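Letters A, B, ... are given to chains in the order of the sequence lines, protein chains preceding strands, and every chain is numbered from 1. Given the structure is predicted, the values throughout are model-derived calculations rather than measurements.
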Protein chains: 2
Amino acid sequence: MKRNSRLSAFLHALVHMAHRPDHPMTSEAIASWLNTNPVVVRRTVAGLRNAGILSSSRGHGGGWTLARPADTITLADITEALEQKLMPFSTEAESPGCLVERAVNQTLEGVKDEIEHLLKQRLASVTLADLAAQCGEGVSAHLEKHHGH
Amino acid sequence: MKRNSRLSAFLHALVHMAHRPDHPMTSEAIASWLNTNPVVVRRTVAGLRNAGILSSSRGHGGGWTLARPADTITLADITEALEQKLMPFSTEAESPGCLVERAVNQTLEGVKDEIEHLLKQRLASVTLADLAAQCGEGVSAHLEKHHGH
DNA sequence: TTTCATGTAACAAAAATAGTTACAAAATAG
DNA sequence: CTATTTTGTAACTATTTTTGTTACATGAAA
């Protein structure tokens with residue numbers, strides 16, 4: 001699983017969880033399904049646990065479940081929890097003291113902050129419940145068939 | 001020079017060029033100044049040349065100059081030329097055929113495109129000339145003093 | 001008490017990035 | 001015309017980041 005498809009990959013898993021809130025999903029299930037390793041999953045998912053999005057239970061029948069209702073979890077929450085960098089600009093000073101650099105970076109930071117804010121706002125307007133709803137009727141049947149729940 | 005400060009670093013150089021359109025700037029000058037290597041600079045700057053933002057001349061007194069007026073070069077042009085990824089999301093299918101995944105990715109792509117468009121629009125509204133102007137009066141003096149032109 | 005699951009640390013492998021060396025090509029100075 | 005300067009690139013090395021693996025402790029349920 002590549003880093004920049006992490007959001008999409010885990011969203012996928014989360015939506016499945018939203019469809020079956022009762023049924024804990026193991027790291028191994030998620031992993032095999034994202035073509036990766038259980039430990040990698042646990043590592044990544046730790047962010048979602050710390051953010052109060054997922055909760056885990058151990059032992060028999062354990063695994064991951066949503067920690068709160070799907071309509072209170074937004075894309076903004078998730079991206080933040082996954083530490084996905086939203087805007088890949090940074091403005092570290094290469095020639096400290098250069099007036100030109102300072103002016104450039106100031107403007108750049110301004111634009112960055114402005115857009116970042118907008119982006120977050122937009123991401124905050126979509127909830128997991130929205131996504132789950134959008135999947136339509138065929139999904140439960142699909143789940144039975146392909147993921148063997 | 002780290003990848004995510006590339007934009008800021010080269011913008012810095014470009015603004016200097018905008019201030020002295022007559023004076024070609026060598027890869028070596030740019031490099032020493034960004035704490036990196038002339039070859040790395042040339043490699044990166046190749047994108048700016050291909051995009052018609054910079055032009056190069058070889059031999060004695062050669063180097064890099066703006067290929068067109070500073071007020072026709074926008075931040076959008078520059079970020080694109082530097083192949084800076086604007087939105088670090090990707091939605092590659094991990095489980096092809098999964099309806100949930102398809103729905104999730106579709107929504108995600110939608111949000112991504114929407115924001116990307118907005119971001120580009122915003123970046124396109126700032127020109128190199130704007131940045132250069134913003135640096136104020138002290139700059140020419142500063143150039144003489146620190147960069148020895 | 002055995003089995004199954006998470007939680008982490010430590011290590012290994014792979015991939016992406018950055019930096020270096022070497023040399024050809026073009027342009028100018030003398 | 002020759003020496004010097006500077007870009008243009010390829011090939012290689014080094015570094016950093018990311019991903020994957022192994023190993024083992026902890027907790028919960030059968």
Side-chain angles (χ1 to χ4, degrees), chain A residues 1-10 13 17 22-67 81-85 88-90 92 94 148-149, chain B residues 1-10 13 17 22-67 81-85 88-90 92 94 148-149:
Chain A
M1 187 186 43
K2 288 184 183 165
R3 185 185 187 91
N4 56 356
S5 63
R6 227 159 64 168
L7 173 63
S8 125
F10 278 95
M17 290 178 204
D22 49 310
H23 194 283
M25 185 169 282
T26 69
S27 309
E28 198 167 337
I30 300 176
S32 78
W33 177 6
L34 304 185
N35 302 309
T36 183
N37 192 291
V39 180
V40 175
V41 169
R42 285 202 281 270
R43 202 146 59 189
T44 307
V45 134
L48 296 169
R49 173 167 37 76
N50 294 335
I53 293 170
L54 290 183
S55 64
S56 59
S57 57
R58 298 179 173 193
H60 262 289
W64 300 94
T65 46
L66 294 186
L82 292 176
E83 290 172 48
Q84 188 109 27
K85 276 173 206 135
F89 299 171
S90 95
E92 70 189 36
E94 312 269 354
H149 303 318
Chain B
M1 186 188 41
K2 288 184 182 165
R3 186 186 187 91
N4 56 356
S5 62
R6 228 159 62 169
L7 174 63
S8 124
F10 279 94
M17 291 178 205
D22 50 309
H23 194 284
M25 185 169 280
T26 68
S27 308
E28 198 167 338
I30 301 177
S32 79
W33 180 6
L34 304 185
N35 303 311
T36 184
N37 193 290
V39 180
V40 175
V41 170
R42 286 202 279 269
R43 202 146 59 189
T44 308
V45 134
L48 295 170
R49 173 166 38 76
N50 294 336
I53 292 170
L54 290 184
S55 64
S56 59
S57 56
R58 297 179 172 191
H60 260 289
W64 300 93
T65 45
L66 294 186
L82 292 177
E83 290 174 47
Q84 188 108 28
K85 276 175 204 133
F89 299 171
S90 94
E92 71 190 36
E94 312 268 354
H149 303 318

Minimum-distance nucleotide (side-chain atoms of [X] versus [options]):
X: R58(A); options: dG7(C), dA26(C), dA18(C); value: dG7(C)
X: R49(A); options: dG19(C), dT8(C), dT21(D); value: dT8(C)
X: T26(B); options: dA18(C), dA28(D), dT7(D); value: dT7(D)
X: V40(A); options: dT21(C), dT7(D), dG20(D); value: dG20(D)

Side chain of R43(B), base of dG19(C): donor and acceptor closer than 3.5 Å?
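Per atom types, the contact qualifies.
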Kindly indicate whether the side chain of R42(A) and the base of dT6(C) share any N or O donor-acceptor pair separated by less than 3.5 Å?
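Side chain to base: no pair below 3.5 Å.
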Partner nucleotide of dT3(C) by Watson-Crick or wobble geometry (both distances under 3.5 Å):
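Because both required distances fall under 3.5 Å, dT3(C) counts as paired with dA28(D).
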Pick the closest DNA chain C nucleotide for A46(A) and for G59(A) by heavy atoms, then say which residue is nearer the 5' end.
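Taking each residue's closest nucleotide, the earlier one in sequence belongs to G59(A).
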Which residue lies toward the 5' end of DNA chain C, V39(A) or H60(B), if each is placed at its nearest nucleotide?
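Nearer the 5' end of the strand: V39(A).
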Sugar-phosphate only, base, or nothing, as touched by G63(A) at under 4.0 Å among non-hydrogen atoms:
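It contacts sugar-phosphate atoms only.
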Side-chain (T26(B)) to main-chain (A29(B)) donor-acceptor, under 3.5 angstrom
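Flag set: sc T26(B) to bb A29(B) pair under 3.5 Å.
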Test I53(A) against every option in V45(A), L48(A), L82(A) by the side chain to side chain contact (heavy atoms under 4.5 Å, CB included) rule and name the one that passes.
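Passing option: L48(A).
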